[in-house]
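Here the structure comes first, spelled out in C-alpha cells, and everything after it is commentary.
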Number of protein chains: 2
Amino acid sequence: MSRSSRPRRRATLATLAAELKVSRTTVSNAYNRPDQLSPELRNRVLAAAKEMGYSGPDPVARSLRMRRADTVGLLLDQPLNYTFRDPAAVDFVAGVADACDAAGRSLLIVPTGGSRDAQAAAEVVNRASVDGFVAYSVSGDNPYLAAALERHVPVVVCDQPTGLEGVVLVGIDDRAAMASLAKHVLAAGHRQIGIMTMRLTTDFRDGVVPLDEALDSTFSVQRDRIQGIADVASDYGDEVSITVMQTGSHNRESGAAAARSIMEVAPNITVLVCTSDVLALGAMTWAAGAGVSVPSDLSITGFDGTRDAQRADLTTVVQPSELKGKRAGEILMSLPAAHSSRSEYLDTTLRQGSTLAPPRRRP
Amino acid sequence: MSRSSRPRRRATLATLAAELKVSRTTVSNAYNRPDQLSPELRNRVLAAAKEMGYSGPDPVARSLRMRRADTVGLLLDQPLNYTFRDPAAVDFVAGVADACDAAGRSLLIVPTGGSRDAQAAAEVVNRASVDGFVAYSVSGDNPYLAAALERHVPVVVCDQPTGLEGVVLVGIDDRAAMASLAKHVLAAGHRQIGIMTMRLTTDFRDGVVPLDEALDSTFSVQRDRIQGIADVASDYGDEVSITVMQTGSHNRESGAAAARSIMEVAPNITVLVCTSDVLALGAMTWAAGAGVSVPSDLSITGFDGTRDAQRADLTTVVQPSELKGKRAGEILMSLPAAHSSRSEYLDTTLRQGSTLAPPRRRP
DNA sequence: TTGAAAGCGCTAACAG
DNA sequence: CTGTTAGCGCTTTCAA
C-alpha cells in the first residue's frame with residue numbers, strides 16, 4: 001500500500017511513522033526534540049513529511065495532549081469595528097499582540113460583539129481555545145468577563161473593573177491623573193466646568209447626568225476620572241459648578257454632538273474637560289464648525305495622549321496604552337507560574353498643549 | 001468518594017458523568033443537543049456542572065474530535081503595532097472580525113512579527129489552531145503565506161499577492177482606481193508628478209526609485225497603482241515627468257519625510273500623488289510645516305478613503321476596507337463547502353476633496 | 001432516551 | 001537513539 005504522494009486521507013504523524021517504518025515517537029521528536037535523533041534520520045523524516053504533504057503535528061491534538069493552547073484570549077467590551085475607532089484601544093491591542101508575539105503565542109479575539117446575554121456569553125467564552133484572558137476596560141457587569149472568571153483560567157484585567165478578587169489588574173491611577181490636569185484647569189481660573197464622558201452605564205444613553213450619579217458609575221475608569229476633577233474642585237468650594245454630559249458612543253461624532261448639547265445646556269461653561277482624547281477631538285471639531293475658538297473662547301482638554309491628540313496639540317493626560325497591553329499580556333503569560341503577581345499601575349504624564357488657557361473675562 | 005465541591009483535579013465530562021451516574025453521552029448531549037434528553041435531566045447535569053466547576057466541554061478536545069477549530073487565522077505582513085497605524089488596515093481587521101463574529105467564529109491573530117525566515121514562519125503557521133487563513137496585503141514572497149498554503153487549508157488573500165493558483169482573492173482594481181484619479185490630476189494641468197509610495201520591496205529602504213523598477217515590484221498593489229498613473233500619463237507623451245519616492249515605513253512621519261525629500265530632489269513637482277492616505281496626510285503635515293500651501297502651491301492626493309482623510313478633505317480614492325475584510329472572512333468560512341468561490345473585486349469611488357487644484361503658473 | 005465502544009492526533013514516561 | 005504504552009477530553013455511531 002505504499003502509493004507514493006497524494007495520500008487518500010490527511011497525513012498524520014502515525015501514517016508518516018508507518019510509511020517510514022519508525023515509531024511515532026521518532027517522528028514527534030523530529031519536530032519537537034531535534035537533539036533526540038540523528039540528523040540523517042531527522043532529515044529523512046522531514047523529507048518524507050514534505051512528500052506526503054504532512055505539515056507537522058496537528059496543533060489541536062498537540063494542545064489537547066500538552067494541555068495548553070499557547071493562545072491568549074482577548075475580551076473587549078464592544079465589537080471590534082467599534083473598539084478600533086479608539087486609538088488608545090488600538091494601541092492597547094497592539095501591545096498585547098506584541099507581548100504574544102515575543103512569547104510565540106497567538107492572540108485570539110473573542111467575538112464579544114453579540115448579545116450581553118449571560119448564557120450566550122458563557123458559551124462563546126467557553127468555546128475559546130485559550131490558556132487565559134486579557135480583558136480590556138470592560139464594565140463591572142460584563143458577562144464575558146464573568147464567564148472567563150468562571151472558567152478558572154488566569155485572567156488579567158486592564159483598567160476596569162477594579163477590585164476583583166484574586167484578579168491581577170494593569171492600569172493607571174485615573175483619579176490622580178485627572179486631578180493633576182484639573183489642578184491646571186482650576187488654576188487657570190476656570191469655574192464653570194463641563195465634563196464630557198463616555199458611557200457611565202451599560203446602555204447607550206446620552207445627555208446630562210447629575211454629578212453624584214456619575215460618581216456612582218460601574219465604569220470605574222470614567223468614575224475615577226470624574227472623581228479626580230471633583231476632588232480638586234472641592235478645594236474651591238461653591239465657586240465651581242460642574243455639568244456632566246454623557247455620550248452614548250465613543251467616537252468623534254458623538255464628541256462633537258455632546259459638545260454642542262452641553263454648551264446649549266450650560267452656555268457659560270469655559271472649559272470642556274473630556275475623559276478621552278476622542279471626545280475632546282470631537283469637541284474641537286464642533287468648536288471649529290461653530291466658530292468657537294480654542295482656547296480663547298473655550299478651553300478643551302482630553303485624556304489618553306493618542307497620536308491624534310498630539311497632532312492636535314491637545315492639553316491632555318498621556319498614558320502608556322501600548323505598554324499597558326504589553327504588560328497585561330506578559331503578566332498573563334507568567335501567571336500560572338508566578339501566582340504571586342500583583343496588580344500594576346503605570347505612570348501618566350500631563351501634556352501641556354495649546355488648548356487650555358485662562359477663561360475669557362466675562363463682559 | 002463523592003466529596004462535594006472543589007474537585008481535586010479539573011472536572012471533565014467523564015468525571016461529571018461518573019458523579020451523576022449517567023453516561024458521557026448524556027452529559028455531552030446536555031450541552032450540544034438539548035433536545036436529546038429530558039429537561040429535568042439536563043438541568044440536573046447543568047446544576048452538577050456548576051457545582052463541580054465544570055464549564056462545559058473542553059474546546060480543544062472538542063476541536064480535535066470535530067476536526068474543526070471554528071477559528072479563522074489572520075496573516076498580516078507586519079507586526080500588529082505597525083499594521084494598526086494604518087486606519088485602512090484597522091478597518092479591514094474589524095471587517096474580518098465582524099464576519100467571524102456573525103458566524104460565531106473566533107479570530108486568531110498569527111504572530112507574524114518575527115523573522116521572515118521560512119522555517120520559523122512555517123512553525124508559527126503550523127501551530128495555529130485554525131480552519132483557514134485570511135492574508136491581508138502581504139508580499140508575494142511572504143513566508144507565512146507560503147506556509148499557510150503548504151498547510152492545505154483554505155486561504156483567502158486580500159489585495160495581494162494576486163494570481164495565486166487556486167486561491168480566492170478579495171480586492172479592488174487598483175490600477176483602474178488610480179487611473180481614474182490620475183485623469184483628474186492630469187486634466188487639472190499637472191505635468192510634473194511626484195509619486196509617494198510605501199515599500200516596493202521587502203526591505204525597508206527609502207529614496208527615489210526609477211519608474212520602471214517600481215512597475216516591477218512584487219507588491220502588486222503599489223505597482224498597480226503606480227501603473228494606473230503611468231497609464232494615464234502615457235496619453236500625454238513626453239510632456240509628463242514622474243518621480244517615484246519610496247518610504248521605508250508606512251506612517252505619517254515617513255510620509256512627511258518623503259515629501260520633504262522628493263521636493264528637494266525635484267522641486268518643480270506640482271502634485272504629490274500618494275498611494276495611501278497615510279502618506280498623503282504625512283505630506284500635508286510637511287507642507288503645513290514648510291509653509292507650502294495646499295492646493296495652491298502643491299496638490300496632494302491620497303488613496304484609501306480613511307476617516308482621517310475625509311476629515312482632512314483629501315482628494316482620494318475611497319475603497320471599502322471594512323467590507324473587504326468582511327467579504328474575505330465570509331468567503332473563507334464558506335470555502336471548503338463552496339469550493340467554486342471566485343475572486344471578488346469591490347468598487348471604489350473617487351472623492352473630490354480640496355487638496356487637488358490646477359498647478360500654479362510657473363513664473 | 002441512554003450507554004458502550006471507538007477513536008480524533010498527539011506527547012511523554014519508561015524501557016530497551 | 002528508538003519503540004511501547006497510555007492516555008489528553010471529547011463526540012458519535014450503533015444498540016439497547
Side-chain angles (χ1 to χ4, degrees), chain A residues 7 9-46 48-49 52-71 123 126-131 151-153, chain B residues 7 9-45 48-49 52-70 123 126-131 151-153:
Chain A
R9 43 172 310 160
R10 190 146 126 25
T12 71
L13 189 145
T15 56
L16 225 193
E19 185 76 16
L20 284 162
K21 300 196 199 311
V22 300
S23 80
R24 311 218 292 289
T25 308
T26 301
V27 179
S28 178
N29 282 339
Y31 286 95
N32 304 316
R33 309 196 174 168
D35 53 311
Q36 296 296 294
L37 68 170
S38 67
E40 309 88 73
L41 180 53
R42 175 156 192 260
N43 287 334
R44 207 151 65 81
V45 172
L46 265 27
M52 296 180 67
Y54 177 70
S55 42
D58 179 304
V60 173
R62 178 196 181 80
S63 288
L64 176 60
R65 181 61 235 235
M66 315 250 312
R67 328 210 62 238
R68 114 188 112 77
D70 281 336
T71 302
E123 187 145 322
N126 289 330
R127 270 169 153 54
S129 300
V130 301
D131 301 318
R151 210 178 127 174
H152 303 296
V153 290
Chain B
R9 41 174 312 159
R10 192 145 127 27
T12 72
L13 188 145
T15 58
L16 225 194
E19 185 76 16
L20 283 162
K21 301 196 199 310
V22 299
S23 80
R24 313 215 297 282
T25 310
T26 301
V27 178
S28 177
N29 283 338
Y31 285 95
N32 304 316
R33 307 194 174 169
D35 54 311
Q36 296 296 294
L37 68 169
S38 67
E40 309 89 71
L41 180 55
R42 174 156 194 261
N43 287 335
R44 207 152 65 80
V45 172
M52 297 180 66
Y54 177 70
S55 43
D58 179 304
V60 174
R62 178 197 182 82
S63 288
L64 176 59
R65 180 60 233 236
M66 315 251 307
R67 327 210 63 242
R68 114 188 112 78
D70 281 336
E123 188 146 319
N126 289 329
R127 270 166 153 55
S129 300
V130 302
D131 301 319
R151 208 177 128 174
H152 303 297
V153 291

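Distance CZ (B:R151) to P (C:dG9): 13 Å, rounded to an integer number of Å. Protein atom CG of B:N29 is 12 Å distant from nucleotide atom C1' of D:dT13, rounded to whole Å. At whole-Å resolution of the value, NZ in A:K21 and P in D:dT4 are 13 Å apart. Between B:R42 atom CZ and C:dT1 atom P there is a gap of 13 Å when expressed in whole angstrom units. Atom P of nucleotide D:dC10 and atom CZ of B:R68 are separated by 16 Å, given to the nearest angstrom. In this structure, CG of A:L41 is placed 9 Å from C1' of D:dT2, rounded to the nearest angstrom.
Residue B:D131 holds its CG atom at 7.5 Å from OG of B:S63, rounded to the nearest 0.5 Å. Summarising the geometry, atom CZ belonging to B:R62 is positioned 7.0 Å from atom CZ belonging to B:R68; distances are rounded to the nearest 0.5 Å. Atom CZ of residue B:R67 and atom CZ of residue B:R65 lie 9.5 Å apart, to the nearest 0.5 angstrom. Considering CG of A:L64 and OG of A:S129, their distance stands at 10.0 Å, rounded to 0.5 Å. Here the CG atom belonging to A:N126 is positioned 8.0 Å from the OH atom belonging to B:Y31, to the nearest 0.5 angstrom. To the nearest 0.5 Å, atoms OG1 (A:T71) and CZ (B:R127) are separated by 11.5 Å.
Within 4.0 Å (heavy atoms only), A:L64 reaches at least one base atom of the nucleic acid. Here A:D35 lies in heavy-atom contact (under 4.0 Å) with sugar-phosphate atoms only. At the heavy-atom level, B:S38 lies under 4.0 Å from the strands shown only through sugar-phosphate atoms. The residue B:V22 sits close only to the backbone: its heavy atoms come under 4.0 Å of sugar-phosphate atoms, none of a base.
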Can A:D58 and A:T12 be said to form a side chain to side chain contact (heavy atoms under 4.5 Å, CB included), step by step?
CA-CA 8 Å; A:D58 179 304; A:T12 71; over 6 Å; no
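Within the 4.5 Å cutoff, side-chain heavy atoms of B:L41 are placed close to those of B:T26.
By the side-chain contact (heavy atoms from CB on, under 4.5 Å) test, A:R24 is found to be paired with A:L13, A:A14, A:A17, residues two or more places apart in sequence or in another chain being considered.
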Summarise protein proximity over nucleotides 10-16 of chain C in one line of letters, 5' to 3': B for base, S for sugar-phosphate only, - for none, counting protein heavy atoms closer than 4.0 Å.
BBBB---
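In the helix from C:dT1-D:dA16 to C:dG16-D:dC1, the end axes, each obtained as the rotation axis mapping the C1' atoms of four pairs onto the next four within a five-pair block, lie 30° apart to the nearest 10 degrees.
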